[in-house]
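On a predicted model such as this, the values are computed, not experimentally measured, just so you know.
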2 protein chains.
Amino acid sequence: MARLIAERHDVVPALGEVFRRFGFEGASIARITAHTKLGKGSLYHFFPGGKDEMAEAVLGHIRDWFETEVFIPLMQEPPAQAIESMFASVEQYFHSGRRICLVGAFAMDETRDRFSKAVGGYFQRWIDALGSALSRAGMTEIEAENVATEVVGGIQGAIVLARALDDDQRFTVIIKGLAQRCRMD
Amino acid sequence: MARLIAERHDVVPALGEVFRRFGFEGASIARITAHTKLGKGSLYHFFPGGKDEMAEAVLGHIRDWFETEVFIPLMQEPPAQAIESMFASVEQYFHSGRRICLVGAFAMDETRDRFSKAVGGYFQRWIDALGSALSRAGMTEIEAENVATEVVGGIQGAIVLARALDDDQRFTVIIKGLAQRCRMD
DNA sequence: GTCTATAGAGTGATAGAC
DNA sequence: GTCTATCACTCTATAGAC
């Protein structure tokens, strides 16, 4: 009976979707078992720390994805093309605003305090990486940091608006504006 | 003992704070009674529709505040000064990013679907009002709408970042940049 | 037998509604 | 306060892999 399906990392994306849909508080174990098709036994076998450990695993998984797909390219590749590539990744990853940023969502209520290190680290790393690219592209340090902050924040805002208005065009329009801002104005 | 304190509208701000802190799912009736110092009896007397009606009341209260303090001035007063005044109100209302936007938070998970009308209406009204002011200030229709969308979204993003990084300076810096954008560039 | 993965009944606590 | 449903979580039982 055992050994058939899962390893721990196989269920992490499914876990992420549940947390995204319902939030941390709204993601009950019942909902999680329904979505992951894993019994409580398996779930607590993989994540002895319960929901907190599940959320931690999801945040780590998100961080890893951004690290390889976005942050490292921003730090190491030619800046103009890495920035363009970042916006393409963002458009795709967030499904034009139909998929939320779990890290941003966790930041909104007291869930933040449970995962403050992962939440803060994710955004700081993003701002630093983008700031590095903008700086290499010719901006002053201070300008690069300000624009990076505005852009990373702007992406979060675009997600909020797209979902609130149920209109992905808003997301795409805002992202285009932010991309323009990175080309200097 | 009864009759002493409350009317329904007196408890709405306290309700708002509970929803802000814990989110809709995390705001349990126990937490609500603790914060409002109202028994369950009074609570269900004022809000027979339960938690949904409580949240609806909070959203209506928020909408009313923005309507008088922000949206109507944007539509009717001299645009440059109404826009400056909007940014001042925003800085104050959101406590430099330490207080979240409940409407934006509700937009993030499936809570949105319960309150989609209030959530969508709030942001659309804000964008329309700001767009009107920007247009009167000299922007083309299309430019005004784009900038209004970026600014309203940018404010939401600023809240997310300020909380995620636990740093209100980020909020203030972003707001300053958005205000600059409204003066044309 | 020992190990890991699994299923799910059962725990007390707490949920929202009234 | 009282109701039922559901919460997060524990535990026992058992499957197959070695």
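- Listed by chain and residue number, A/Asp167 satisfy the salt bridge (charged side-chain N to carboxylate O under 4.0 Å, His left out) test with A/Arg170 (two or more places apart in sequence, or in another chain).
- Ring-plane geometry between A/Phe66 and A/Tyr122 is classed as perpendicular, the angle between the planes exceeding 60 degrees on a 0 to 90 degree scale with a lower cut at 30.
- Residues from residues 112-119 of chain A with heavy atoms under 4.0 angstrom of DNA chain D: there are none.
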Q) For nucleotides 10-18 of chain C, read 5' to 3', which letter fits each nucleotide if B means a protein heavy atom sits under 4.0 Å from the base, S means only the sugar-phosphate is that close, and - means neither? A) B----SSBB
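- The NE2-C1' distance, from A/His45 to C/dT6, rounds to 9 Å in whole Å.
- No more than 12 heavy-atom neighbours from other residues, nucleotides or ligands sit within 6.0 angstrom of CD on A/Gln92.
- Residues meeting the side chain to side chain contact (heavy atoms under 4.5 Å, CB included) test with B/Val173, sequence neighbours left out: A/Asn146.
- Sorted by first and then second residue, the side-chain hydrogen bond (donor to acceptor under 3.5 Å, both in side chains) pairs with a member in residues 72-86 of chain B read B/Glu84-B/Arg183; sequence neighbours excluded.
- Counting only residues at least two apart or in different chains, side-chain hydrogen bond (donor to acceptor under 3.5 Å, both in side chains) contacts with residues 147-159 of chain B comprise B/Glu150-B/Arg181.
- Between A/Asp109 and A/Phe24, the closest side-chain pair of non-hydrogen atoms is not below 4.5 Å.
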**Q.** salt bridge (Lys or Arg N to Asp or Glu O under 4.0 Å) between B/Glu17 and B/Arg21, worked out
**A.** CA-CA 6 Å; B/Glu17 292 311 312; B/Arg21 280 189 59 187; over 6 Å; no
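- Taking atom CG on A/Leu43 and atom C1' on D/dA8, their separation rounds to 11 Å, with Å as the unit.
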